[in-house]
2 protein chains.
Amino acid sequence: MENPLDTGLRDFIGYNLRRASNAVMSDAARVLEPLGLRVTTFSALSVICDTPDVTQSHLAATLNMERSNTVLIIDALEQAGLIGRHRMESDRRSYALRATLKGIQTRKEAVAALASHEDRLFAQLDAAERAQLVLLLRRIEIPE
Amino acid sequence: MENPLDTGLRDFIGYNLRRASNAVMSDAARVLEPLGLRVTTFSALSVICDTPDVTQSHLAATLNMERSNTVLIIDALEQAGLIGRHRMESDRRSYALRATLKGIQTRKEAVAALASHEDRLFAQLDAAERAQLVLLLRRIEIPE
DNA sequence: TAAAGTAGTTATGGATCATAGCAATAAGCG
DNA sequence: CGCTTATTGCTATGATCCATAACTACTTTA
């Protein structure tokens, strides 16, 4: 009992992209939830772990979000004890964001959880195909 | 001046999927706006054009959305004169949705606009690579 | 030193999405 | 037939997400 009412839409790459992205994101959210993370907070935590003393503006630019929207995300990570805001001497406007030990540990657990989540969702694709998919995705023109 | 602060995230297919999907969707929205369509209303219109007398429930199932959320979308399409709700004699609970001539024409223009939008965004990929991308995306396990 | 720019923040509104519950109608079953 | 259950479309509502504007503190530029 297939349901190919969307055959006309399936020709658009964007339609398939959105479907896949929605499915993967909602499953990722489900997997991260027990760790107290959402997709966006995980992304921020991950960048902060890999880039000690990054600023909120720099983080926002990296993750393609508005500076204003980083505030609540950073608040959540800070209140969970996963990162800290540290004043910079060189520029007292910015905060230097640093992950705590707990933050690094939580990030590690999240990465493991997400890895098995992706193994499940992309079970139909072998390693070469997954790599191919990532390469294709990264070659898409991002406007601005 | 690259900005590879997200190197740890780039390994996740989901991260690349979301980035690509967001970029493509916002550009698609921009392209559809002059036609008075949003991405979701275009998707619904497209299915209705290809499936005369489809019901709202069937449409919702096809597009992976809740029945309740189709109502406003169908309202918008109907008020724009692109589709009509028709009572079914066989089942007086459901509406049979049918595109009007204007709806069919608008859908055609939207498809053309989206085709050139995809040509622009996926300029880095040749036809074979685009087909490959679609095939990979469609092989992803969609839970439920 | 005055003007312009930047970092973080607050407030706010729009768009999207999921849930619960309703009335009308249909289907299943005694 | 009558009663229960299920389904369709709909309303209302709340959560989340995302973008914009405006504010302060601070820095840079002229």
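Below, chain A is the first sequence line, B the second, and so on; all start at residue 1.
- Note: CG (A/Leu59) to P (C/dT6) measures 19 Å, nearest angstrom.
- Toward the 5′ end of DNA chain D lies the nearest nucleotide of A/Glu66, the other residue of the pair A/Glu66 and A/Glu89 mapping further downstream.
- At a threshold of 4.5 Å between non-hydrogen side-chain atoms, the residues A/Val134 and B/Arg10 do not count as touching.
- Across its full length, the helix from C/dT1-D/dA30 to C/dG30-D/dC1 shows an angle of 20° between the axes of its 5 terminal pairs at either end, rounded to 10 degrees.
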Would you check, one step at a time, whether the test salt bridge (charged side-chain N to carboxylate O under 4.0 Å, His left out) holds for A/Glu129 with B/Arg139? CA-CA 11 Å; A/Glu129 289 168 327; B/Arg139 278 171 57 205; 3.1 Å; yes
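- Positionally, the nearest nucleotide of DNA chain D for B/Val71 lies more toward the 5' end than for the other of B/Val71 and A/Thr40.
- In this structure, B/Asp91 atom CG and C/dA23 atom P are separated by 19 Å, rounded to whole Å.
- Contact check, A/Arg38 against D/dC17: a side-chain N or O comes under 4.0 Å of OP1 or OP2.
- Atom CD1 of A/Ile13 is separated from atom CG of B/Leu114 by 11.5 Å, given to the nearest 0.5 angstrom.
- Among the heavy atoms of the strands lying under 4.0 Å from B/Arg92 are primed sugar atoms or P, OP1, OP2 only; no base atom is included.
- Note on A/Gln56: every side-chain N or O is 4.0 Å or more away from OP1 and OP2 of C/dT6.
- A/Arg87 places its CZ atom 11 Å from the P atom of D/dA25, with the value rounded to the nearest Å.
- A distance of 12.5 Å separates CD1 of A/Ile83 from NZ of A/Lys102, quoted to the nearest 0.5 Å.
- Neither OP1 nor OP2 of C/dA7 sits under 4.0 Å from any side-chain N or O of A/Thr55.
- In this entry the distance linking CE of A/Met65 with P of D/dA19 reads 9 Å, nearest Å.
- The nearest heavy atom of DNA chain C to A/Ala96 and to A/Asn22 marks one nucleotide each, and the one closer to the 5' end goes with A/Ala96.
- Side-chain nitrogen and oxygen atoms of A/Ser94 include none within less than 4.0 Å of the OP1 or OP2 phosphate oxygen of C/dT6.
- A/Glu109 CD: more than 12 foreign heavy atoms inside a 6.0 Å radius.
- One atom, CG of B/Leu63, and another, P of C/dC17, lie 11 Å apart when rounded to the nearest Å.
- More than 12 non-hydrogen atoms from other residues, nucleotides or ligands lie less than 6.0 angstrom from CD of A/Gln124.
- Rounding to whole angstrom units, CD of residue B/Glu78 and P of D/dG9 are separated by 13 Å.
- What separates CZ of B/Arg67 from C1' of C/dT19 is a distance of 11 Å, to the nearest Å.
- Side chain B/Ser68 to base C/dT19: a donor-acceptor pair is found below 3.5 Å.
- Atom CG in B/Asn69 sits about 13 Å away from atom P in D/dT11, given to the nearest Å.
- A close approach under 4.0 Å does occur between a side-chain nitrogen or oxygen of B/Arg85 and OP1 or OP2 of D/dC10.
- Between the side chains of A/Arg18 and B/Ser21, no donor N or O sits under 3.5 Å from an acceptor N or O.
- With B/Tyr95 as the aromatic partner, B/Arg85 meets the cation-pi criteria of under 6.0 angstrom to the ring centre and within 45 degrees of the ring axis.
- Sequence order on DNA chain C of the closest nucleotides to A/Thr70 and A/Arg93 puts A/Arg93 first from the 5' end.
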